[in-house]
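The structure appears below as structure tokens.
Numbers restart at 1 for each chain; the letters A, B, ... are given by sequence-line order, proteins then strands.
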Number of protein chains: 2
Amino acid sequence: MSEDSDGNGARRSSPTIYDVAAAAGVAPSTVSRTFSRPGRVNSETAERIRRIAAEMGYRTNPVARALPTGRTSIIAIIVSDVTNPFFFEIIRGAEETASAAGYTLLVADVNESADAERKALDRTLPLVEGIVLATSRMSDSSIRVAAKQRPTVVLNRTTTDIPSVVTDNARGMKRAVHHLADLGHTSITYVAGPQGSWADGVRWRAFYDATTELDIRGKRVGPFAPTQAGGLSAAHELAKDATSAVISYNDLMAIGMMRGFVRQGISVPDDISVVGFDNIFGSDFCTPPLTTVAAPLHSLGAYAVQTLLAELAKTSYDRQAAPKPLKVVLLPSQLVVRGSTGPRNAVLAKRAS
Amino acid sequence: MSEDSDGNGARRSSPTIYDVAAAAGVAPSTVSRTFSRPGRVNSETAERIRRIAAEMGYRTNPVARALPTGRTSIIAIIVSDVTNPFFFEIIRGAEETASAAGYTLLVADVNESADAERKALDRTLPLVEGIVLATSRMSDSSIRVAAKQRPTVVLNRTTTDIPSVVTDNARGMKRAVHHLADLGHTSITYVAGPQGSWADGVRWRAFYDATTELDIRGKRVGPFAPTQAGGLSAAHELAKDATSAVISYNDLMAIGMMRGFVRQGISVPDDISVVGFDNIFGSDFCTPPLTTVAAPLHSLGAYAVQTLLAELAKTSYDRQAAPKPLKVVLLPSQLVVRGSTGPRNAVLAKRAS
DNA sequence: CGCTGTTTGGCAATCGGTTGTCATTCTGAG
DNA sequence: CTCAGAATGACAACCGATTGCCAAACAGCG
């Protein structure tokens, strides 16, 4: 008579507000308001309802809540390649921030394909409240189409009128060039990443500015795929080149490049210095350990979600009142010096001149 | 007059079956059936409805569908640590399989905490159709509680009455031991991973069996954390030890261990051979490249989802008719020989005896 | 021509919350 | 004692699809 001798029904599914309402002798709407609109219900009544609900193990059904309100409590992060270690900490940071705010994070992998990305958006957009596009491979216009449907934040990229979170690539690049200059290098090559990459553009420009400013010979090769394989190809191309230092688009390429150099009998850093970007997992235990411009990966993910949450809050309370301050969050990068960079080798220097 | 001069309403949200029904001059139910129950609607009518729906840009609202049916088309995979490269390919494999079946994959990271895992389950269970627990940190009973609510598949672990997908650790370990034996090693140490780990138990047992069978001295040290830091500690402990070969619980530890050895002036593989488990990202470019028992990571994820999908299909069509064949999918592992293993060093061998 | 059987489409209930509106009760001031 | 106004809870209409049931239409058969 007391607890679970309910007899017939209610075997499978969990209790609803109707069950709780019946048990508490109130209307379902009151139960609903107890949870969703605190203060609207008399505190004694609310207390009683909460107690009974807890006893029955009531949990509000997210799907049922989402239907009338649109609040699914899910946000999505779309990454171009989950197997790229670049994203690990980003995802972790995003997840933590989302969880803390009561949101569930949906990670979608699109395997470097703009087409898959569009499909993933199609599938996830209707069920999320907002999205983070991490290193999107889509065009600005495609992004804007998505942003029209749900609040959107882009990561590692800037797109007009869409909030974004990026690393301070320019300053990082500048530091890297200075570091190499301090080591005596007078000729540096930038190994470019994928053509469409926003980050590649920024990095190259910063590289150009820094080298001209310091009166260093700055060259560019590429583009190459942003993978170890791409780095390997770059190593071949660079072998015939007279440069004593390279800065590569990212760590993955740098690692591949160093492996390529080893095969060709070129020693890092004695014959050539290598600098990467991002400080991904593995850049500390490759050989030699990689000097790299560290991106604040964890923060990148965290800020992206935070920005999105702010956007969501704004949207819900007055749609187009705010004049869109076009937020671009710029996070600092940091040069991590390890074993892959060293003073300019005299022998090679002679060959270079 | 033709396309979007609709005048007043319908600014914000997308069209519903009601809109389509009105435009086509049929009942909403007919529109619904057109999509969800092909054949139930006259093919001409269906064709017309489909055309009109396409013109209007109608897309069925997944939330609305989920409410009455419970079919959210989402499955979750819960991983103990997204930053562990072990999971990259697993997630990719899972995602691909899920997508192909029209499901969206929800990746939840629980940061190695059983508590966070329970919270993540709490949050995700009500909105997914099924879950994959990849390397769960929870107790069997907690897992069973979850499995009672939604179809569940466990990865890298076996739990009574719950379908599971695991690697053939035993055979892999046997191969590793034989490999070392062939190189002349007569004493091998197993560096254990976390105590609660199912895989650790299986690997240790297989190690024990293989060494006794080959009449090799098999020892065990640990447990250690399954990270690079754990491996580093292990290296210290092993330095005083007279062993010419170690097999570590996983690659991450093996990499950490090798770094520890280097610091102590112990050369790999000249002084000591190292074998890891899993073949994660980075095991090919650490120094020396790691010999490891490769787990079929991609397949692991793919099969887990496939098993789950099979379970879902079963559930929907006759709940408890099938007598539960208790499926355990066992995937083969493979020994990848690289530079971290070599013939037994005579000097060290003398010291060992 | 009448009867049965099969398509096919419509009606309406339902999933489980949310929320606008209204009625009731209670409080306190005049 | 009366009445305005606030506090509180109930009613009912949604959100958008699914689906059991029924009725109309139509075909086929004797």
With a non-hydrogen cut-off below 4.0 angstrom, is [X] in contact with a base, only sugar-phosphate, or nothing?
X: A:T69; value: sugar-phosphate
X: B:V41; value: sugar-phosphate
X: B:F35; value: nothing

Nearest whole Å is fine: how far is [N] [atom2] from [X] [atom1]?
X: A:I49; N: C:dG17; atom1: CD1; atom2: P; result: 14 Å
X: B:L67; N: D:dG16; atom1: CG; atom2: C1'; result: 9 Å
X: B:R40; N: D:dC21; atom1: CZ; atom2: P; result: 12 Å
X: A:N61; N: D:dC15; atom1: CG; atom2: P; result: 19 Å
X: B:E47; N: C:dT8; atom1: CD; atom2: P; result: 15 Å
X: A:R71; N: C:dG17; atom1: CZ; atom2: P; result: 13 Å
X: A:I17; N: D:dC11; atom1: CD1; atom2: C1'; result: 13 Å
X: B:R65; N: C:dT14; atom1: CZ; atom2: C1'; result: 17 Å

Note to self: For B:Y58 together with B:F35, are the ring centres under 6.0 Å from each other?
What the structure shows: yes
Is any side-chain N or O of [X] closer than 4.0 Å to OP1 or OP2 of [N]?
X: A:T30; N: D:dT8; result: no
X: A:Y18; N: D:dA10; result: no
X: B:R37; N: D:dT18; result: no
X: B:T60; N: D:dA17; result: no
X: B:S29; N: C:dG10; result: no

Using only heavy-atom distances, determine whether the side chains of [X] and [Y] contain a donor-acceptor pair under 3.5 Å.
X: A:S80; Y: A:E117; answer: no
X: B:S139; Y: B:S142; answer: yes
X: A:T83; Y: A:D81; answer: yes

Of the nucleotides [options], which has the atom closest to the [X] side chain?
X: A:T16; options: C:dG16, C:dT18, C:dC11; value: C:dG16
X: B:R33; options: D:dT8, D:dT19, C:dT19; value: D:dT19
X: B:A27; options: D:dA17, C:dT18, C:dG10; value: C:dG10

Q. More 5' along DNA chain D: A:S43 or B:P28, using each one's nearest nucleotide?
A.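 With A:S43 and B:P28 compared, the 5'-side residue is A:S43.
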Checklist entry - Under the side chain to side chain contact (heavy atoms under 4.5 Å, CB included) criterion, do A:V166 and A:L155 qualify, and how do the steps go? => result CA-CA 6 Å; A:V166 298; A:L155 199 61; over 6 Å; no
